[in-house]
Amino acid sequence: MDAGARRAILEAADALRDDTVALLARLVRHRSVLGEEQSCLAEMESVYADLGLTPRRVAVDTEALAVHPGFSPPLIDYAGRDPVFAVHTPRERRGRTLLLQGHVDVVPEGAPDLWKTPPYEPSIRDQRMYGRGAADMKAGIAAYVTAFRALKEAGLQPAAELQMAAVIEEECTGNGALAVMEALPKPDACLIPEPGPGYPALYVAEVGVVWAWVTVTGRPAHVRDMQSGVNAIEVAMAIAARFKTYEAEMNRGERRHPAFAADNHPINVNLGTIEGGEWNSSVPTRARIGLRVGVMPGYSCRQTARDIEALVAEAVAGLNGARATVAFKGFMADGCTFPPDQPIARTVSALHAEITGEELRHYAAPGLTDARFYTLYQGTQSTCYGPDSDNIHGIDESVGLDSLHQVTRVLALTIAEWCGVERSA
Ligand SMILES: [Zn+2]
């Protein structure tokens, strides 16, 4: 790429800085939790249309996808929540194709009274934007949209197909990304601007995840005959406690994938939800807990599911009269690695170093992203690189606006360098 084009693209990205922040604020205002992504997806349709592209929808067809090894059993129906994508087509295809993807779904905000400002009213303090989804990962979406716009404002456009997608359910199944992957032609690379861990980072690995739901049935009794009953909630807590030993075992040094050598606790088991009981003066009949169990790359999610079943069976065996069943809904996902010497990773790293003057650090993520699909099932080089984040999935989630701007600049040059450029129509 010649120096003039490069300068023009960066100047355009700088001029669009406030627009990026405004777009991010627009996206954060949608409470796009599971099952409520519709309005944010519609917003993305208009964002793509504003770029001069034709937005399209992809149905998440569970019957067709169920046979795919990357499929996860869904929690709810997909009607009305189809992911959106748009494809830029060059006049003359000379470069490499690229997919830029982001998820519009966000995790629940938790206790809203703990937030300094309401979670869906974006607020800027000390050069950071606060709001649920601001960092994870609506900022990444705003960054790639502006990156593409910066080329256009500079009178250029990618000289290869550029696919842009806004998906759902990254936070619970990944089936939105799977549907998009199956619908679009295989790109030469996939880049997902997921947030970094608080410093600029390139994802080099991620764990897998299994979601398990354990339903315990006890034996009801009046509390005056408490000894004759079996307390389903207490049994559920005893089952959850067993996973502490499992977690410690899975984090042992010998089990650690080399990419996680520097991380002493990559595998986490989270007791995320609990419900049960009927009455304070009755021994509870039923309880259900929801667990999130991490999976080391190289160890399969299906084996993890069998481990979970065995652990639960073992835990209830010693408890007279209690029964437990395990259901798998939500993530059934393997871990994977994103080698830093892949061409797309090298392009991003070099441009980040050039623009910021700092080396991009490598990050092995103890959580997962949609990038696994492209790596594991499509053989497409992929990675994640996005703005710095704080408290994602927690209270007062925020993204750094300087970092967002730098990432936008890097993405703009990545598009230009990867796809090549031609004069825009
Ligand atoms: Zn995310």
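Atoms within a ligand are numbered from 1 in the order they appear, just like the ligands themselves.
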Could you point out which residue of Ile344, Leu202, Thr383 forms a side-chain contact (heavy atoms from CB on, under 4.5 Å) with Phe338?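 Filter result, single survivor: Thr383.
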Hey, does the side chain of [X] reach the backbone of [Y] with a donor-acceptor pair shorter than 3.5 angstrom?
| X | Y | answer |
| --- | --- | --- |
| Trp418 | Thr347 | no |
| Arg56 | Val84 | no |
| His88 | Pro158 | yes |
| Tyr130 | Lys116 | no |

Tally, protein N/O/S atoms nearer to the Zn ion (ligand 1) than 2.8 Å: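 With waters ignored, the protein N/O/S count below 2.8 Å is 4.
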Aromatic Tyr199 / basic Arg361 pairing, under 6.0 angstrom, 45° off normal: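 The answer is yes, since Arg361 meets both limits relative to Tyr199.
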